> 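Starting off with a structure, shown below.
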2 protein chains.
Amino acid sequence: MAWELKSDRPIYAQLIEQIELRICSGVYPLGSKIPPVRELAQEAAVNPNTMQRALAKLEEDGLLYTNRTAGRFVTEDVKLVKQVRNKLAREHAQIFIKKMTELGFEHDEILSIINSIMKEMKE
Amino acid sequence: MAWELKSDRPIYAQLIEQIELRICSGVYPLGSKIPPVRELAQEAAVNPNTMQRALAKLEEDGLLYTNRTAGRFVTEDVKLVKQVRNKLAREHAQIFIKKMTELGFEHDEILSIINSIMKEMKE
DNA sequence: ATTATTGTATTAAGCGCTTAGTACAATAAT
DNA sequence: ATTATTGTACTAAGCGCTTAATACAATAAT
């Protein structure tokens, strides 16, 4: 999973989302040590300060914790991670439905568009 | 339909999206005159320069045109507007599916989440 | 004990976005 | 003919984000 950073939004915000995603999807397993700030920053081609800013936020949220100076680790709180994963899923879905509704699509139309795109993806 | 502007993304980009939406959903009917820049800017509580920037982009895309100095009008090209509406719908759907897939949800799970949220909304 | 690694903090600079203020040209309205 | 409206252009300033460069403290590794 590569780092995908666009310039239309603050980088630190995108980093937060992508690390969150790595935790929720198991790329960074629960309880595991993640690479040091400087290394993550280099991977993402970003300034260490910017990466640090993202990590600090995730620490606030309880998804990461620091063992100064052994490094930084993913939480072992399975419940928390599942909860975050579900929260993100619901948010994505709600925002999506809101946008489609604003465009004037009915619920059944929304479902049919989703279905049609999923079919395309399977080919 | 009120102007909804957050601070986590450039305002001009949000304005573009929202005016696009107003055109696609008929709030600004095809061929109709839209309010002058200064008025739109005041409505949205935004600097006229910023609103102008958004309008210029939409003009580039062909959704608006200017009759200096009679004002600014929505295109009369029905095909174009329908095309934009469909493009937006597909993009929203694709991005949504991508995000859900990254979170580890299968296609059938995605559908069931969408369905569940739609049910909630009907209550 | 010494060294390297780790997280953290600080300062200065540059860049894009936004605002405020002002001005001008074209033309619709009077 | 005069006035008001409209789109457009320009400059200066402020703010947040990002980078670069350094430095420090704590501790794991040697």
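Since the structure is predicted, the reported quantities are computational estimates derived from the model, not experimental observations.
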> Do A:His92 and B:Ile113 come within less than 4.5 Å of each other through their side chains, counting heavy atoms only?
no
> Under a 3.5 Å cut-off for both distances, is D:dA26 Watson-Crick or wobble paired, and to whom?
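The answer is C:dT5, by the H-bond criterion.
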> What is the distance, rounded to the nearest whole Å, between atom NZ of B:Lys33 and atom C1' of D:dG7?
11 Å
> Distance check needed: C:dT8 P versus A:Met51 CE, whole Å only.
14 Å
> Measure from CG on B:Leu5 to P on C:dC17 and round the result to the nearest Å.
16 Å
> Is atom CD of A:Gln42 surrounded by more than 12 heavy atoms (other residues, nucleotides or ligands) closer than 6.0 Å?
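Check fails, neighbour count at 12 or below.
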> State whether B:Thr50 places a side-chain N or O below 4.0 Å from either non-bridging phosphate oxygen (OP1 or OP2) of C:dC17.
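For B:Thr50, the contact criterion (side-chain N or O under 4.0 Å from OP1 or OP2 of C:dC17) is not met.
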> What's the CD-C1' distance between B:Gln52 and D:dC10, to the nearest Å?
13 Å
> May I have the distance from A:Arg9 (atom CZ) to C:dC17 (atom P), rounded to whole angstrom?
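In whole Å, C:dC17 P and A:Arg9 CZ are 15 Å from each other.
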> Send over the distance from A:Glu39 CD to C:dT5 C1', rounded to a whole Å.
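Atom-to-atom, A:Glu39 to C:dT5, this comes out as 12 Å.
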> Does D:dG14 have a Watson-Crick or wobble mate here (both distances under 3.5 Å), and if so which one?
C:dC17
> Whole angstroms only, please: what is the CG-C1' distance between A:Leu58 and C:dG7?
15 Å
> Report the nucleotide, chosen from C:dT6, D:dG7, C:dT8, that has the shortest atom-to-atom distance to any side-chain atom of A:Arg72.
C:dT8
> Would you say B:Lys98 has more than 12 foreign heavy atoms packed within less than 6.0 Å of its NZ?
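No, NZ of B:Lys98 has 12 or fewer neighbouring heavy atoms, counting only those of other groups under 6.0 Å.
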> Give a yes or no on whether B:Lys82 atom NZ has more than 12 heavy-atom contacts from other residues, nucleotides or ligands under 6.0 Å away.
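Counting other residues, nucleotides and ligands, NZ of B:Lys82 stays at 12 neighbours or fewer.
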> Tell me which nucleotide among D:dA21, C:dT8, C:dT18 gets nearest to the side chain of A:Glu59.
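Comparing D:dA21, C:dT8, C:dT18 against the side chain of A:Glu59, the answer is C:dT8.
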> For the side chain of B:Asn47, counting heavy atoms from C-beta on, which of C:dG7, C:dA23, C:dT19 is nearest?
C:dT19
> Is there a side-chain contact between A:Ile34 and A:Leu55 in this structure, where contact means two heavy atoms from C-beta onward sitting under 4.5 Å apart?
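A:Ile34 vs A:Leu55: side chains touch.
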> Can you see if the side chain of B:Arg53 gets near the phosphate of C:dC17 - specifically, an N or O under 4.0 Å from OP1 or OP2?
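For C:dC17, OP1/OP2 do have a side-chain N/O of B:Arg53 under 4.0 Å.
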> Compare side-chain N and O positions of B:Tyr12 against OP1 and OP2 of C:dC17 and report whether any pair is under 4.0 Å apart.
yes
> Is a donor-acceptor pair below 3.5 Å formed from side chain A:Asn49 to base D:dC17, judging by atom type as modelled?
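By the distance-only test, no, there is no pair.
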> Where each residue is assigned the nucleotide of DNA chain D containing its nearest heavy atom, which of A:Thr69 and A:Arg38 is assigned the position nearer the 5′ end?
A:Arg38
> Would you mind telling me which of C:dG7, C:dA26, D:dT19 lies closest to the side-chain atoms of A:Val37?
C:dG7
> If you look at every strand shown and take non-hydrogen atoms under 4.0 Å, does A:Asn67 touch a base, only sugar-phosphate, or nothing?
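Contact class for A:Asn67: none.
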> Should we count CD of A:Glu43 as having more than 12 external heavy atoms under 6.0 Å?
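Count over threshold, so yes.
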> Can you tell me the distance, in whole Å, between the CG atom of A:Asp8 and the P atom of D:dC17?
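So the two atoms are 15 Å apart, to the nearest Å.
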> Heavy atoms from C-beta onward define the side chain here; which of C:dT8, C:dT19, D:dG7 lies closest to that of B:Val46?
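Among C:dT8, C:dT19, D:dG7, the one nearest the side chain of B:Val46 is C:dT19.
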